[in-house]
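Below, read A as the first sequence line, B as the second, and so on, with proteins coming before strands; counting in each chain starts at 1.
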Amino acid sequence: MNLREIKIAGFKSFMTPTSLQFTPQVSAVVGPNGCGKSNVVEAIRWVLGESSAKALRAARGPDVIFSGTDAHKPMGQCSVELVFDNSDGTIGGGYAAYSEISVRRQMTSDGASVYAINSRTARRRDVQKVFRGTGLGARSYSIIEQGLAAQLVTAGPESLLEQIEEAA
Amino acid sequence: MNLREIKIAGFKSFMTPTSLQFTPQVSAVVGPNGCGKSNVVEAIRWVLGESSAKALRAARGPDVIFSGTDAHKPMGQCSVELVFDNSDGTIGGGYAAYSEISVRRQMTSDGASVYAINSRTARRRDVQKVFRGTGLGARSYSIIEQGLAAQLVTAGPESLLEQIEEAA
Amino acid sequence: ARRRFDVAFARIRQEFTAKFRLLFDGGEADLVHQENGVRIEAVPPGKNTRALSLLSGGEKSLVAIALVLAIFELNPAPLCVMDEVDAALDESNSLNFSRLIVEMSRQVQFVLVTHNKVVMEAAELLHGVTMREPGVSRVVGINLQQADELLQQQSG
Amino acid sequence: ARRRFDVAFARIRQEFTAKFRLLFDGGEADLVHQENGVRIEAVPPGKNTRALSLLSGGEKSLVAIALVLAIFELNPAPLCVMDEVDAALDESNSLNFSRLIVEMSRQVQFVLVTHNKVVMEAAELLHGVTMREPGVSRVVGINLQQADELLQQQSG
Ligand SMILES: Nc1ncnc2c1ncn2[C@@H]1O[C@H](COP(=O)(O)OP(=O)(O)OP(=O)(O)O)[C@@H](O)[C@H]1O
Ligand SMILES: Nc1ncnc2c1ncn2[C@@H]1O[C@H](COP(=O)(O)OP(=O)(O)OP(=O)(O)O)[C@@H](O)[C@H]1O
Ligand SMILES: [Mg+2]
Ligand SMILES: [Mg+2]
């Protein structure tokens with residue numbers, strides 16, 4: 001299985017709908033400070049079901065919706081969609097037959113989220129179920145946020161024990 | 001007043017006696033990871049009277065003495081000396097007449113430190129007294145260690161209040 | 001659950017030592033399960049400081065990378081996204097890091113956020129994120145030379 | 001003591017805003033003394049996020065530099081030693097940082113530990129620290145070209 005595309009619309013600094021296409025091997029996301037690179041990483045965590053605002057550097061859920069600039073008004077909703085190539089059948093269960101799997105999350109400014117898998121409405125736990133067993137998830141070690149690695153090393157033995165227990 | 005020279009002998013990775021000479025404006029200390037740059041910064045704090053091992057990334061005082069490698073034995077003592085140009089009389093009090101002021105600290109593996117100012121034995125508080133009013137000191141904002149700045153911003157309002165109170 | 005932890009811990013420990021030695025071109029590293037938790041031991045090649053705290057900023061970064069990738073290998077996903085884990089690495093360590101990524105990319109798809117030119121060179125595809133208009137992000141596919149210009153824009 | 005804090009705080013606050021605007025080429029920043037402590041407010045030019053947490057890694061770094069230098073200005077020493085405060089800065093922000101240092105160096109002597117080429121270019125003197133022999137540091141005075149080679153050595 002590999003990630004084909006990310007579509008971001010209205011999430012954090014991505015006011016205009018944006019698409020990133022990926023190769024199956026190594027991609028780099030580059031650009032100046034503050035241009036939105038970490039926002040892309042957080043968009044991936046968010047659509048996979050991240051429910052903690054703090055984990056996304058925000059105070060409350062709706063803070064991830066584009067909040068406007070000097071020149072643009074805030075938006076009322078945002079969405080992120082991930083498209084996966086599943087032709088090797090990594091994602092099993094009910095979606096094993098699909099060679100392409102898309103997962104989408106949309107949030108409105110009241111903080112309510114709607115999820116969809118292959119365009120059919122789903123719940124957050126359905127999305128998490130899709131990826132169970134693949135190692136992918138908002139809180140898995142498949143997404144390593146800015147500063148996490150350094151924190152792991154300096155945090156101390158109890159902290160590291162907890163992290164390993166959680167991963168096990 | 002400006003720093004003219006640092007002499008380091010046996011402090012952390014500086015097994016061989018080493019001298020760094022400075023210009024009055026901007027110097028850069030460069031080199032690969034782990035080569036000893038932060039050790040130079042810590043040497044400056046140490047000779048100015050830093051008494052917390054933890055602040056020097058160590059567990060106990062004598063940990064700052066060269067502890068040997070595969071090819072070299074550990075050393076039994078270390079010393080750091082700072083030489084200042086004081087021709088503008090920034091350092092007042094008893095040393096105002098000196099156009100050059102040197103401050104030295106030597107530690108033996110039992111953890112005992114001996115200080116010297118212009119080659120005359122002194123106590124740690126004498127060294128701190130020399131720099132009082134100059135803004136220089138092991139814990140002043142004149143020495144900004146690796147990671148401090150980032151920590152200041154993320155630490156939270158109470159922490160920042162304490163830091164400002166201490167600086168005031 | 002106790003059994004599962006032991007199996008996981010043994011696996012992570014083995015992976016950690018292996019990845020450490022790849023990233024540091026040698027040296028020794030281990031994870032020690034003690035009463036108060038899991039302690040990291042790491043000694044770069046030729047050095048002998050056992051205390052992790054005495055390591056440099058870049059060395060700690062490299063140890064951290066070995067550790068996160070070791071935990072990753074426990075439940076290896078087809079995708080791994082890393083956000084600026086290489087920020088403190090010098091050129092030589094960056095090269096070791098990118099080599100390890102290229103090696104792992106035979107089974108894992110990587111998305112690396114980075115400012116590091118050495119790491120960019122390991123990528124087949126570069127996504128340039130820009131903010132020509134303040135506060136509004138846009139993305140464009142770019143090559144290495146354009147990445148250079150992108151990172152130099154707004155200078156001067 | 002209360003009076004001394006107020007004077008210090010007013011001074012730091014003023015310096016922080018000034019340095020922020022120099023480093024960010026504009027924008028707004030302030031320090032707010034509240035019940036639970038001192039809160040940082042910072043908005044890069046053209047953006048409108050008031051929450052400090054939403055800023056990027058590099059932006060937080062730049063805010064931190066403005067803050068430490070503001071506190072420094074309260075008791076300005078003749079010497080200021082900074083260890084890799086610029087690690088997360090891109091090229092453009094590094095240039096602003098080095099310009100501020102050059103400006104301040106009319107009254108302050110700076111010693112900057114850095115991996116950053118832009119910052120190195122602001123220095124009159126470079127001290128190259130090496131460890132040809134593992135675990136043993138040595139220092140040599142070098143120029144910019146040699147610094148390049150020094151940082152590339154051990155590569156490959
Ligand atoms: N809800 C939002 N609406 C608009 N802009 C936002 C929102 N949330 C965050 N931002 C902006 O996104 C920017 C941060 O982007 P991001 O963290 O992705 O930067 P980055 O490219 O990772 O930079 P660095 O290289 O410094 O880590 C901030 O300047 C912030 O103002
Ligand atoms: N007492 C000691 N005896 C011998 N070596 C020591 C001692 N204390 C620390 N070291 C060594 O010094 C090295 C760290 O040096 P330092 O922190 O100055 O690196 P650095 O140049 O700042 O690197 P970076 O760019 O990664 O921050 C470590 O590898 C450590 O093993
Ligand atoms: Mg970032
Ligand atoms: Mg260092």
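Only the side chain of Phe66(A) comes within less than 4.5 Å of a heavy atom of chain C; its backbone N, CA, C and O stay farther away. Only the backbone of Glu145(A) comes within less than 4.5 Å of a heavy atom in chain C; its side chain stays farther off. Contact annotation for Leu79(C): both backbone and side-chain heavy atoms come within less than 4.5 Å of a heavy atom of chain A. Looking at Glu133(C), the atoms closer than 4.5 Å to chain A (heavy atoms on both sides) all sit in the side chain, from C-beta outward. For Ser61(C), no part sits under 4.5 Å from any heavy atom of chain A, backbone or side chain.
Across all non-hydrogen atoms, the minimal contact from Val85(C) to Ala149(A) is CG1-CB, 4.4 Å. Minimum interatomic distance between Phe72(C) and Tyr141(A) (heavy atoms only, all atoms of both residues): CD1-O, 3.3 Å. The two atoms that bring Ser27(A) and Ala123(C) nearest to each other are C-CB, 4.0 Å, heavy atoms only.
Looking only at heavy-atom pairs under 4.5 Å with chain C, the residue among Leu152(A), Thr18(A), Thr134(A) that has the most is Thr134(A). Annotation: maximal heavy-atom pairing with chain A below 4.5 Å, among Arg4(C), Arg39(C), Arg11(C), occurs at Arg4(C). Put simply, of Gly141(C), Ala147(C), Gly135(C), the one with the most heavy-atom pairs under 4.5 Å next to chain A is Gly135(C). Annotation: maximal heavy-atom pairing with chain C below 4.5 Å, among Gly36(A), Cys35(A), Gly31(A), Ser19(A), occurs at Cys35(A). Looking only at heavy-atom pairs under 4.5 Å with chain C, the residue among Gln151(A), Lys12(A), Met15(A), His72(A) that has the most is His72(A). Considering only heavy-atom pairs separated by less than 4.5 Å from chain C, the leading option among Thr23(A), Ile8(A), Leu3(A) is Leu3(A). Chain C forms the most heavy-atom pairs under 4.5 Å with one residue out of Ser142(A), Gly68(A), Ala71(A), Pro24(A), and that residue is Ser142(A). Among the candidates Glu124(C), His115(C), Met82(C), Glu84(C), the residue making the largest number of heavy-atom pairs closer than 4.5 Å to chain A is Glu124(C). With respect to chain C, the highest number of heavy-atom pairs below 4.5 Å among Gly135(A), Ser67(A), Pro157(A) belongs to Pro157(A). Ranking Leu69(C), Val111(C), Asn36(C), Val139(C) against chain A, the residue ahead of the rest is Asn36(C), based on heavy-atom pairs under 4.5 Å.
Thr114(C) is not listed as a side-chain neighbour of Val29(A), based on a closest heavy-atom distance of 4.5 Å or more. Counting heavy atoms from C-beta outward, Leu161(A) and Phe5(C) have side chains that approach closer than 4.5 Å. Annotation: side chain of Met131(C) is in contact with side chain of Ser13(A) (closest heavy-atom distance under 4.5 Å). Between Arg138(C) and Thr16(A), some side-chain heavy-atom pair lies under the 4.5 Å cut-off. Side-chain contact between Gln25(A) and Phe110(C) is absent, with no heavy-atom pair separated by less than 4.5 Å. Considering only heavy atoms from C-beta on, Val113(C) comes within 4.5 Å of Val41(A) through its side chain.
Atom OH of Tyr98(A) has 12 or fewer heavy atoms from other residues, nucleotides or ligands within 6.0 Å. Within 6.0 Å of CD on Gln145(C) lie no more than 12 heavy atoms contributed by other residues, nucleotides or ligands.
Screening Leu74(C), Val38(C), Leu67(C) for a side chain to side chain contact (heavy atoms under 4.5 Å, CB included) involving Ile164(A) leaves a single residue, Val38(C).
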Checklist entry - Could you walk me through whether Val26(A) and Leu112(C) pass the side chain to side chain contact (heavy atoms under 4.5 Å, CB included) check? => result CA-CA 8 Å; Val26(A) 183; Leu112(C) 307 174; 4.1 Å; yes

Next on the checklist: Between Ile40(C) and Leu160(A), is the side chain to side chain contact (heavy atoms under 4.5 Å, CB included) condition met? List the steps.
Outcome noted: CA-CA 9 Å; Ile40(C) 303 167; Leu160(A) 184 52; 3.6 Å; yes

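Here the CG atom belonging to Asn39(A) is positioned 6.0 Å from the OG atom belonging to Ser137(C), to the nearest 0.5 angstrom.
Defined by atom type and a distance below 3.5 Å, a donor-acceptor pair is missing between the side-chain atoms of Gln21(A) and His127(C).
When atom types are taken as modelled, the side chain of Asn75(C) and the backbone of Ala167(A) share a donor-acceptor pair closer than 3.5 angstrom.
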